Chemist: 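Below is a structure I'd like to ask you about.
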Amino acid sequence: MVSKILASASTAVLAIATSATATGSMLTSWYGPGFHGNYTANGEVYDQMAHTAAHKTLPFGTRLRVCYDGCVNVRINDRGPYIGARELDLSRGAAEAIGLIHPGVADVQVTYL
């Protein structure tokens, strides 16, 4: 990380530059059958086979690259999950793309795009 102090007249501002992408892990599950065709939190109709995801606080439209046995790019369009320490809920299609259907819940690598 690089930091730089910008000064003007009597005000100093600390600007912190970070990487354009950040990577970490999230406890992730998937959802689909009972929600297919319902509205998501952002107003879209939920398509369980699309490559989308739910997160409690990330802004709608945030794009993530999620990797387990494979990798898939998803877009946040819903809120959740609301079970235990889970942080991300993938659509069924996204979970299938990375091999998460079985076990159902696992730590995955996530990169913010």
Side-chain angles (χ1 to χ4, degrees):
M1 179 170 17
V2 177
S3 62
K4 185 190 325 182
I5 296 180
L6 306 173
S8 69
S10 62
T11 306
V13 177
L14 177 63
I16 300 175
T18 60
S19 168
T21 60
T23 303
S25 67
M26 288 187 188
L27 185 60
T28 301
S29 53
W30 65 273
Y31 71 121
F35 299 91
H36 185 72
N38 292 340
Y39 288 99
T40 62
N42 78 345
E44 294 177 20
V45 174
Y46 179 65
D47 176 357
Q48 70 176 345
M49 299 313 293
H51 291 171
T52 57
H55 188 275
K56 292 176 192 150
T57 59
L58 286 175
F60 294 133
T62 299
R63 295 192 179 275
L64 307 171
R65 181 156 183 84
V66 181
C67 299
Y68 185 62
D69 284 340
C71 294
V72 68
N73 293 344
V74 299
R75 179 179 48 85
I76 302 297
N77 73 336
D78 207 359
R79 293 291 175 229
Y82 298 107
I83 299 174
R86 297 178 194 180
E87 300 171 83
L88 189 66
D89 228 352
L90 298 177
S91 63
R92 180 184 181 100
E96 285 179 356
I98 66 169
L100 188 67
I101 294 295
H102 304 286
V105 178
D107 283 308
V108 301
Q109 287 302 117
V110 176
T111 303
Y112 293 79
L113 301 175

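Only this structure's heavy atoms are used, side chains among them; waters, hydrogens and symmetry mates stay out. Computed from a predicted model, the values in this text were never measured in an experiment.
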Chemist: Taking atom CD of E44 and atom OH of Y39, what is their separation to the nearest 0.5 Å?
Modeler: 11.5 Å
Chemist: Just by distance, no angles: are the side chains of Y31 and D78 close enough, under 3.5 Å, to form a donor-acceptor pair?
Modeler: yes
Chemist: Distance check, rounded to the nearest 0.5 Å: N77 atom CG versus T40 atom OG1?
Modeler: 4.5 Å
Chemist: What distance separates E87 CD from S25 OG, expressed to the nearest 0.5 Å?
Modeler: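 The distance works out to 7.0 Å.
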Chemist: Rounded to the nearest 0.5 Å, how far apart are CG of L58 and CZ of R75?
Modeler: 13.5 Å
Chemist: Does T111 reach the main-chain N or O of T23 with its side chain, forming a donor-acceptor pair under 3.5 Å?
Modeler: no
Chemist: Side-chain heavy atoms under 4.5 angstrom apart, residues restricted to Ile, Leu, Val, Met, Phe, Trp, Tyr: same cluster for V108 and Y112?
Modeler: yes
Chemist: Which heavy atom of A106 sits nearest a heavy atom of Y68, and at what distance?
Modeler: CB-CE1, 3.5 Å
Chemist: Check step by step if side chain to side chain contact (heavy atoms under 4.5 Å, CB included) holds for H36 and D47.
Modeler: CA-CA 6 Å; H36 185 72; D47 176 357; 3.6 Å; yes
Chemist: Using side chain to side chain contact (heavy atoms under 4.5 Å, CB included), reason through T52 and I76 one step at a time and then give a plain yes or no.
Modeler: CA-CA 6 Å; T52 57; I76 302 297; over 6 Å; no
Chemist: Among side-chain atoms of D89 and S29, is any donor-acceptor pair under 3.5 angstrom?
Modeler: yes
Chemist: For K56 versus R86, what's the shortest heavy-atom pair and its separation?
Modeler: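 The pair with the smallest heavy-atom distance is NZ-O, 3.4 Å.
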Chemist: Using side chain to side chain contact (heavy atoms under 4.5 Å, CB included), reason through Y46 and S91 one step at a time and then give a plain yes or no.
Modeler: CA-CA 9 Å; Y46 179 65; S91 63; 3.5 Å; yes
Chemist: Test of understanding: clusters of I, L, V, M, F, W, Y form through side-chain heavy atoms closer than 4.5 Å, transitively. Do L27 and L64 belong to the same one?
Modeler: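 No, it is not one cluster - the side chains of L27 and L64 are not joined through contacts under 4.5 Å.
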Chemist: I'd like to know if I101 and V74 are part of one continuous hydrophobic network [Ile/Leu/Val/Met/Phe/Trp/Tyr, side-chain heavy atoms within less than 4.5 Å].
Modeler: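 V74 and I101: one cluster.
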Chemist: List the atom of L88, the atom of A53, and the distance in Å for their closest heavy-atom pair.
Modeler: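 Smallest interatomic distance, heavy atoms only, reads CD1-CB, 3.9 Å.
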Chemist: Output, in order, the C-alpha distance, side-chain angles, deciding distance and verdict of side chain to side chain contact (heavy atoms under 4.5 Å, CB included) for L90 and L100.
Modeler: CA-CA 9 Å; L90 298 177; L100 188 67; 4.0 Å; yes
Chemist: Can R79 be said to sit on top of F60's aromatic six-ring, NZ or CZ under 6.0 Å from centre and within 45° of the ring axis?
Modeler: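 Yes.
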Chemist: Once side-chain hydrogen bond (donor to acceptor under 3.5 Å, both in side chains) is applied, what residue pairs with a partner in residues 58-67 remain, sequence neighbours excluded?
Modeler: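 Those involving residues 58-67 are R65-N73.
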Chemist: For the hydrophobic clusters of this structure (ILVMFWY residues joined by side-chain heavy atoms under 4.5 Å, transitively), does one cluster hold both M26 and V105?
Modeler: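 Hydrophobic grouping puts M26 apart from V105.
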Chemist: Please examine the side chains of P81 and W30, heavy atoms only from C-beta on, and report whether any two atoms are closer than 4.5 Å.
Modeler: no
